[in-house]
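Note that these values count all heavy atoms, side chains included, but never hydrogens, waters or copies made by symmetry. Since this is a predicted model, take the numbers as computed values, not measurements.
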Amino acid sequence: PLTANEFKKFLNFSKNFATEKILEKAQGEARSEIQLDSGETLKLHLEINNGIIKTDFSGTTAGIKTHVPDLATFGACYEAIAQFYDLNCFKNSGTFSVLQVTKPLGCFLNAKYPASTHQGPQTGIAAVRMAMTLALHQIVKSSQPLLTENTAAMEVAFAGGARWLSRWS
């Protein structure tokens with residue numbers, strides 16, 4: 001087992017590792033906006049400076065059908081940067097500390113009781129990750145494809161049993 005001092009060193013190492021990975025790519029700021037089918041609008045202002053990533057969701061509308069709990073919003077933001085900067089090997093308070101997430105009270109990304117958080121959070125979380133990915137690519141202007149790990153597939157079933165399938169990556 002790790003001693004308290006060794007554990008603190010590990011968390012400090014994790015933070016420094018994340019900061020270095022972020023500094024390897026460009027710094028700057030970008031905005032993205034996602035309109036959800038359920039009527040909500042997600043607005044993101046992303047700023048990357050000195051190895052710190054600041055997200056501000058000011059202007060994001062209140063929930064209609066989509067309600068995402070506070071920690072799920074942070075998790076979606078972190079997962080987007082972890083994938084983008086290849087930080088998946090460290091998920092602890094050291095790497096989490098390079099991310100600051102600001103959400104206005106009352107928006108659908110800051111759902112509180114009595115808002116229903118069992119309906120619609122998947123859509124909200126996907127919108128957060130997409131907005132983060134779009135903004136990160138605006139800042140970095142990376143030559144990497146926008147969706148790096150996913151293959152999309154669409155299947156349409158017609159009356160009479162006919163099917164149409166399309167796949168792309």
Side-chain angles (χ1 to χ4, degrees), residues 7 10-38 40-61 63 66-104 107-111 117-155 166-169:
F7 189 68
F10 174 70
L11 294 178
N12 193 41
F13 171 81
S14 298
K15 179 181 181 177
N16 291 337
F17 177 80
T19 301
E20 288 174 19
K21 292 292 252 179
I22 293 166
L23 288 171
E24 288 175 3
K25 296 188 179 184
Q27 298 186 55
E29 57 185 277
R31 295 182 184 275
S32 60
E33 184 172 322
I34 308 285
Q35 182 69 43
L36 280 65
D37 291 340
S38 54
E40 296 91 350
T41 301
L42 182 145
K43 292 185 178 185
L44 169 65
H45 177 247
L46 180 70
E47 182 181 341
I48 303 172
N49 192 12
N50 295 324
I52 300 293
I53 298 175
K54 297 178 182 178
T55 63
D56 185 353
F57 290 98
S58 294
T60 297
T61 60
T66 304
H67 305 281
V68 181
D70 186 50
L71 290 176
T73 301
F74 183 90
C77 291
Y78 183 79
E79 284 301 314
I81 67 165
Q83 178 183 355
F84 192 81
Y85 289 105
D86 195 23
L87 300 175
N88 291 314
C89 57
F90 297 108
K91 292 185 181 178
N92 58 50
S93 62
T95 53
F96 295 159
S97 68
V98 300
L99 175 64
Q100 298 172 9
V101 180
T102 304
K103 304 163 300 305
C107 81
F108 77 89
L109 298 175
N110 202 10
T117 57
H118 70 280
Q119 293 180 342
Q122 297 88 352
T123 302
I125 290 169
V128 169
R129 287 200 61 185
M130 180 58 76
M132 289 287 294
T133 302
L134 290 170
L136 286 164
H137 277 276
Q138 286 175 36
I139 293 170
V140 176
K141 296 187 181 4
S142 174
S143 60
Q144 300 170 2
L146 183 58
L147 298 174
T148 57
E149 69 176 38
N150 297 324
T151 299
M154 182 185 322
E155 183 175 355
S166 178
R167 292 178 192 245
W168 63 95
S169 58

Handout entry: Test item: T55 side-chain N/O and Q100 main-chain N/O as donor-acceptor pair under 3.5 Å
Key = yes
Problem - Residues that S14 engages under side chain to side chain donor-acceptor pair (under 3.5 Å), provided they are two or more places apart - result: N92
Problem - side-chain contact (heavy atoms from CB on, under 4.5 Å) between K103 and D70, worked out - result: CA-CA 9 Å; K103 304 163 300 305; D70 186 50; 2.6 Å; yes
Exercise for the section: Please tell me if the side chains of L11 and K15 come closer than 4.5 Å, counting only heavy atoms from C-beta onward. Expected result: no
Handout entry: Sequence neighbours excluded, every pair satisfying salt bridge (Lys or Arg N to Asp or Glu O under 4.0 Å) that has a member inside residues 43-61
Key = none
Exercise for the section: Output the distance between atom CZ (F74) and atom CZ (F96), rounded to the nearest 0.5 Å. Expected result: 6.0 Å
Handout entry: Heavy-atom closest pair, residues I52 and S97
Key = CD1-O, 4.4 Å
Handout entry: Within-4.5 Å side-chain heavy-atom neighbours: H137 and F84
Key = yes
Handout entry: Whether T61 side chain and E40 backbone form a donor-acceptor pair below 3.5 Å
Key = no
Handout entry: Heavy-atom side-chain contact between I48 and E29 under 4.5 Å
Key = no
Problem - Sidechain-backbone polar pair: T60 side chain, L42 backbone, donor-acceptor under 3.5 Å - result: no
Practice task
Mind listing the closest non-hydrogen atom pair of V98 and G51 along with its distance?
Solution key: CB-O, 3.7 Å
Practice task
Find out whether L46 and R31 are in side-chain contact, i.e. whether some heavy atom of one side chain is under 4.5 Å from a heavy atom of the other.
Solution key: no
Handout entry: Closest heavy-atom pair and its distance - Y85, V140
Key = OH-CG2, 4.5 Å
Handout entry: Side chain proximity check, K25 to L136, heavy atoms < 4.5 angstrom
Key = no
Exercise for the section: Hey, could you give me the CD1/CG distance between I22 and N50, rounded to the nearest 0.5 Å? Expected result: 11.0 Å
Exercise for the section: Walk me through it: do Q83 and R129 pass the test side-chain hydrogen bond (donor to acceptor under 3.5 Å, both in side chains)? Expected result: CA-CA 10 Å; Q83 178 183 355; R129 287 200 61 185; 2.7 Å; yes
Exercise for the section: Classify the ring geometry between F10 and F7 as parallel (under 30°), tilted (30 to 60°) or perpendicular (over 60°). Expected result: tilted
Practice task
Compare all side-chain heavy atoms of V128 with those of L44 and state whether any distance is below 4.5 angstrom.
Solution key: no
Practice task
Taking all heavy atoms of A18 and all of T95, pick out the closest pair and write down the distance.
Solution key: CB-CG2, 3.9 Å
Problem - Heavy-atom closest pair, residues G124 and V68 - result: CA-CG2, 3.7 Å
Problem - L109 backbone acceptor or donor facing T73 side chain under 3.5 Å - result: yes
Handout entry: Pairs flagged by salt bridge (Lys or Arg N to Asp or Glu O under 4.0 Å) wherever residues 83-101 is involved - sequence neighbours left out
Key = E79-K91
Practice task
Examine H45 together with F57 and report whether their ring centres are nearer than 6.0 Å.
Solution key: no
Problem - Pairwise side-chain contact, P104 with N110, heavy-atom cut-off 4.5 Å (strictly under) - result: no
Exercise for the section: Report the C-alpha distance between I34 and T41 in whole Å, list the side-chain angles of each, state the deciding distance to 0.1 Å, and finish with yes or no for side-chain contact (heavy atoms from CB on, under 4.5 Å). Expected result: CA-CA 6 Å; I34 308 285; T41 301; over 6 Å; no
Handout entry: Any side-chain heavy-atom pair of K21 and L87 under 4.5 Å
Key = yes
